[in-house]
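Letters A, B, ... mirror the listed sequences (proteins, then strands); counts begin at 1. It should be emphasised that the depicted structure is a prediction, and the values quoted were computed from it without experimental measurement.
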Amino acid sequence: MTIDLQLYNTADRKVSVFKPLTPGKVGIYLCGATVQAPPHIGHIRSGVNFDILRRWLSASGYDVTFIRNVTDIDDKILHKAVHEEIPWWAVAMKYERAFSDAYAALNVLPPTYEPRATGHISQMIELMQLLIERGHAYAPGNGDVYLDVRSLKSYLTLSNQKLDDLQPAEDADLTHKRDPRDFALWKAAKPGDPSWPTPWGPGRPGWHLECSAMAHAYLGEAFDIHGGGLDLIFPHHENEIAQSESAGWGFANIWMHNAWVTTSGEKMSKSLGNSLQVHEILKKVRGIELRWYLGSAHYRSMLEFSFEALEEASVNFRRIEAFLKRAAGLIGGEVGIEIAPEFANAMNDDLAVPQGLAFISEAMKLGNNAITANDKNEIAKPAAYIRGALSILGCDPFDAAYSGGSTTDKDVLDGLVELAIEQRNAARARKDFAASDLIRDSLTKIGITIEDTPNGTRWNI
RNA sequence: GGUCGGAUGGCCGAGAGGCGAGGCUCAGGACUGCAAAUCCUGCUACACGGGUUCAAAUCCCGUUCCGACCUCCA
């Protein structure tokens, strides 16, 4: 028997049984990237964590609609455009591609829909009109449109703050705002800025409006799960709630937030330079290994990054991968994909991946013992359980998403290595260990490891 | 000032009143031409001070330290 899926909800800070709004279906909105710089591993952790959630929901039988937006217009993009001397839309496209590449390298499934902010201006205008009609927003005449936070019946419910306790923004411009905490839904166009026409004058979206508009467009007035990084709780998600609820929409039922990747105990900041960009890390480890590392911590726990820990995780993963490949060889066919009840219970407990990993270790012992005993019947089950768990974590080594290289190259390589191994085994058979070790050392030098087992010699790159 | 987290063995990292999570490292052993891989055994920890309880890493009170958010943030 497995327990029901329970998830932590930031809104009430409790873990509760998940009840979809529509039986059998789940709608998820994840705040994706503001495409103004290449992704670092903190950004991609968010993608991985929510991809695991999505895979688990799908595996649990839900029909999942997963929306991850691209915010392709904002202050930083405009600044970058000036700095890089290219159009703002070229900046957005460049970094959107960088994010897409990173997601693909880590086998983060493409979202059901991936809406861009600039493609939903008309929905934003409609939302602003609605908010003005309902008395929760105002256009002071300078081209801006603000949300009137004092008009809300509730505000700051996610972060549990009081409006009057907030430190007032130092640069709050009160010439147009009714309250310094009112936030811009829409920003009047400045000379040189991109702009779209509206009833209040030409301008561009404020930061929060796009998510309310797009979540509504693709998931309706109410949906199940809204996700993002911890730092989006305030102000971004508070303001999304303010916009959506004052429009009369139910909005998100559950709020989920992933924790950060930290360095030296601190949140990763963009000033760290390039070394923690996904692109750079992928020069050291494979995508599947980086994913294993990022996914192995609980999504609500800070993950303290170090290259040592990354390397340890990679080694650990390769051990599991090696087991599965050996198992596949012994079974003489494909390893099955099966979800063990123990793993299901761990995942159902607010995605307790670390407990799931402990289960994988247990299954590995059983499987390795079966391999040692050459008991083919006993190998299949633990191997299938492990592969099942890995498939949820997005780290199935047999997943086509990870297979690179052409088949011709692979065949040639296989043939060459097999040839060397045959030579070495011939040397061993005549007890010429000097010759056999020379072959092994030569292979090691070019990055091919050799292991002798009772069932023959195995090799790995 | 307000709000929210965290501190667990040499290291990483779960757990949230009662049977040693798990991994890595290290030591010993089995296997082995050697190596590797694998398995077995060993290493009994919860920031500090009180309290509640038959029983506290876990609950309560207090303290110290670390971090995050308060309108750029995954």
Contacts of type ring-ring contact (aromatic ring centres under 6.0 Å, His included), residue [X], not counting sequence neighbours:
{"X": "A:Trp292", "value": "A:Phe317"}
{"X": "A:Phe307", "value": "A:Phe305"}
{"X": "A:Tyr29", "value": "A:His226"}
{"X": "A:Tyr113", "value": "A:Tyr218"}

Where at least one partner belongs to [range], residue pairs that pass side-chain hydrogen bond (donor to acceptor under 3.5 Å, both in side chains), sequence neighbours excluded:
{"range": "residues 346-357 of chain A", "result": "A:Trp56-A:Asn348, A:Tyr299-A:Asp350, A:Arg300-A:Asp350"}
{"range": "residues 9-18 of chain A", "result": "A:Thr10-A:His257"}
{"range": "residues 431-441 of chain A", "result": "A:Asp437-A:Arg440"}

**Q.** Residues in side-chain hydrogen bond (donor to acceptor under 3.5 Å, both in side chains) contact with A:His208, at least two apart in sequence or another chain
**A.**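 If we apply the side-chain hydrogen bond (donor to acceptor under 3.5 Å, both in side chains) test to A:His208, skipping adjacent residues, the hits are A:His236, A:Asn239.
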(Q) Which helical stems does RNA chain B take part in, if a stem means at least 3 consecutive Watson-Crick or G-U pairs with both distances below 3.5 Å? (A)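 Only these stems qualify: B:1-7 with B:64-70, B:10-12 with B:22-24, B:26-30 with B:38-42, B:47-51 with B:59-63.
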Q: Under the salt bridge (charged side-chain N to carboxylate O under 4.0 Å, His left out) rule, collect the residues that match up with A:Arg45, sequence neighbours excluded.
A: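 If we apply the salt bridge (charged side-chain N to carboxylate O under 4.0 Å, His left out) test to A:Arg45, skipping adjacent residues, there are no hits.
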**Q.** Under 4.0 Å protein heavy-atom contacts per nucleotide of nucleotides 13-22 of chain B, with B for base, S for backbone only and - for none
**A.** SSS-----BS
List, with names and distances, any nitrogen or oxygen atoms from the protein found under 3.5 Å away from nitrogen or oxygen atoms belonging to nucleotides 24-32 of chain B.
none

